[in-house]
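These numbers come from the heavy atoms of this one structure, side chains and all, not from hydrogens, waters or symmetry mates.
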Amino acid sequence: MTAQSSSLPALAPAPPRDMAVQSHQAQGAEDAKPINRHARDVTPLPEGKDFPLKFCTVCASNQNRSMEAHLTLSLRRYPVVSFGTGSAVRLPGPSIDKPNIYSFNSTTYDEMFNELKGKDQRLYTLNGLLNMLDRNRRIKARPERWQDWKVGYPRLGGTGAVGEANPEGETGVEGGVVDIVITCEERCWDAVVDDLHNRASPLNRPVHVINVDIKDNHEEALVGGRGILDLADMLTEAARVEREKSEEEGREWARETVENRIPDVLAEWQAKWPNLPVLWTCGFF
């Protein structure tokens, strides 16, 4: 197998090789067959797309679905941050009634990885948690909670996590706002919409909240990440068309003002991804 090295973007330390490639190489070159469902698009945005929409991905614990989508979008060089909406980070434990529970915003992915590895390396390797946490710690330092996000406040780093320096340049999310929020479960969508309502729109800035319903397992997260990337590409293209129209008509344009195109984009996207049910509303920061 000819393995293409997949470096993470500037928003995270680059691993030696893509994690999927590593796991296959450990089995020997003969067994290391390409698995398309694990493939990620690492193609940068085309030249001239100097205004990509800014995205936020959200799931319950900021661990599996939102982080897979975060990685997929960031490899495509989209500005992206990610969050969870739960009261705490919950990961599977040795039994259904003994989950591993961690705090948002303080416990790092690295600390979770090392703790679970020390508890039962075999168990947490077999159920995929160690591989997931290893991926996550290469993207940003810690899981963040949506309800604690101070929208509009500068974010001091490239990973989307407050206080983390990025020596290689800006990533587009330093201003603390995004154009599109994509949740991965309807209850997370409800939580985001309710929280936006409770914030009472201090910035009076529109934000589109889209739910792409993804089952919370590693395989479905990979599929969902590709679907979210396709949606991001389609929304960005719609924004580009709207910008060109506004220039031709001599009127102002803003990235977030693509409301008229979103229903058509979502209908087209849903036809391509029928197993990922979608919801949409517009809120305000």
Side-chain angles (χ1 to χ4, degrees), residues 8 12 15 18-24 26-27 35 37-40 56-74 80-148 159-161 182-192 211-228 275-277:
L8 293 178
D18 182 81
M19 288 170 290
V21 173
Q22 278 187 328
S23 63
H24 290 309
Q27 302 171 19
I35 299 180
R37 67 179 182 274
H38 286 180
R40 297 186 180 98
C56 171
T57 60
V58 181
C59 67
S61 290
N62 199 198
Q63 289 284 351
N64 183 31
R65 296 162 293 178
S66 64
M67 288 300 285
E68 176 61 33
H70 187 146
L71 174 61
T72 302
L73 290 171
S74 64
V80 57
V81 292
S82 61
F83 296 94
T85 58
S87 58
V89 175
R90 288 175 169 81
L91 297 176
S95 63
I96 193 169
D97 61 335
K98 295 181 180 179
N100 293 286
I101 301 176
Y102 301 99
S103 298
F104 278 107
N105 308 322
S106 56
T107 310
T108 67
Y109 293 116
D110 191 59
E111 290 168 343
M112 298 177 198
F113 177 90
N114 290 324
E115 179 176 307
L116 295 185
K117 183 178 180 180
K119 283 183 175 180
D120 192 332
Q121 182 174 354
R122 181 177 180 277
L123 169 65
Y124 296 117
T125 297
L126 289 174
N127 69 9
L129 282 188
L130 291 183
N131 186 60
M132 179 187 74
L133 289 167
D134 187 44
R135 174 202 65 192
N136 293 351
R137 66 181 178 173
R138 298 170 188 270
I139 300 171
K140 65 177 189 176
R142 56 187 60 80
E144 298 176 86
R145 190 168 183 259
W146 166 273
Q147 293 87 338
D148 300 327
T159 69
I182 300 179
T183 61
C184 302
E185 185 177 342
E186 190 168 346
R187 64 171 176 160
C188 299
W189 186 76
D190 290 337
V192 167
N211 184 67
V212 176
D213 211 59
I214 304 169
K215 293 179 181 179
D216 193 7
N217 61 62
H218 301 303
E219 291 292 323
E220 294 296 328
L222 287 162
V223 174
R226 293 204 306 274
I228 288 173
N275 295 324
L276 298 175

| field | Nearest heavy atoms of Leu129 and Pro92, plus distance in Å | value | CD1-O, 3.5 Å

| field | Heavy-atom closest contact (Leu130 atom, Thr125 atom, distance) | value | CD1-OG1, 3.3 Å

| task | Check Pro94 against Leu123 and note the closest heavy-atom contact, atom names and distance. | result | CA-CD2, 3.9 Å

| query | Does Arg90 offer a backbone N or O that forms a donor-acceptor pair with the side chain of Ser61 under 3.5 Å? | reply | yes

| request: Kindly confirm or rule out a cation-pi arrangement of Lys140 over Phe83, judged by NZ or CZ under 6.0 Å from the six-membered ring centre and within 45° of its axis? | output: yes

| field | Electrostatic pair Glu68:Arg135 at N-O distance under 4.0 angstrom | value | yes

| field | Any donor-acceptor N/O pair, Asn114 side chain to Asp110 backbone, under 3.5 Å | value | yes

| field | Full working for side chain to side chain contact (heavy atoms under 4.5 Å, CB included) between Ser74 and Thr72 | value | CA-CA 6 Å; Ser74 64; Thr72 302; over 6 Å; no

| query | Does Asn211 reach the main-chain N or O of Glu185 with its side chain, forming a donor-acceptor pair under 3.5 Å? | reply | yes

| request: Evaluate the side chain to side chain contact (heavy atoms under 4.5 Å, CB included) criterion for residues Ile228 and Cys184: first the C-alpha distance (whole Å), next the side-chain angles of each, then the deciding distance (0.1 Å), finally the verdict. | output: CA-CA 10 Å; Ile228 288 173; Cys184 302; 4.3 Å; yes

| Any donor-acceptor pair under 3.5 Å from Asn64 side chain to Asn217 backbone | yes

| request: Take Arg137 and Thr108 through the side chain to side chain contact (heavy atoms under 4.5 Å, CB included) test and state the conclusion after the steps. | output: CA-CA 8 Å; Arg137 66 181 178 173; Thr108 67; over 6 Å; no

| message | Evaluate Glu111 against Tyr102 for side-chain hydrogen bond (donor to acceptor under 3.5 Å, both in side chains), listing each step before the verdict. | response | CA-CA 10 Å; Glu111 290 168 343; Tyr102 301 99; over 6 Å; no

| Where the side chain of Thr57 meets the backbone of Ser66, is there a donor-acceptor pair that is under 3.5 Å apart? | yes

| message | I'd like to know whether CD1 of Ile96 has more than 12 heavy-atom contacts from other residues, nucleotides or ligands below 6.0 angstrom. | response | no

| task | Drop me the distance from Asn131's CG to Tyr124's OH, to the nearest 0.5 angstrom. | result | 16.0 Å

| note | Nearest heavy-atom approach of Tyr109 to Arg142 is CE1-C, 3.4 Å

| task | For side chain to side chain contact (heavy atoms under 4.5 Å, CB included), just list the numbers for Asn100 and Leu116, CA-CA rounded to whole Å, side-chain angles, deciding distance to a tenth of an Å, and then say yes or no. | result | CA-CA 9 Å; Asn100 293 286; Leu116 295 185; 3.5 Å; yes

| message | According to side-chain hydrogen bond (donor to acceptor under 3.5 Å, both in side chains), who are the partners of Gln147, at least two apart in sequence or on a separate chain? | response | none

| request: Would you confirm whether Asn62, through its side chain, and Glu144, through its main-chain N or O, come within 3.5 Å as a donor-acceptor pair? | output: yes

| query | Minimum heavy-atom separation for Val89 to Met112, with atom names? | reply | CG1-CE, 4.3 Å

| Taking atom types as modelled and ignoring hydrogens, do the side chains of Gln63 and Asn136 form a donor-acceptor contact shorter than 3.5 angstrom? | yes

| Taking the side chain from His218 and the backbone from Asn127, do they hold a donor-acceptor pair closer than 3.5 Å? | yes

| field | Side-chain heavy atoms of Val212 within contact of Thr183, under 4.5 Å | value | no

| request: Heavy atoms only: give me the nearest Trp146-Cys56 pair and the separation to one decimal. | output: CZ3-SG, 3.9 Å

| Residues which pass side-chain hydrogen bond (donor to acceptor under 3.5 Å, both in side chains) with Lys215, listed by chain and number, not counting sequence neighbours | none

| said: With a 3.5 Å distance limit and no angle check, can you tell me whether Asn105 reaches the backbone of Arg145 through a side-chain donor-acceptor pair? | reply: yes

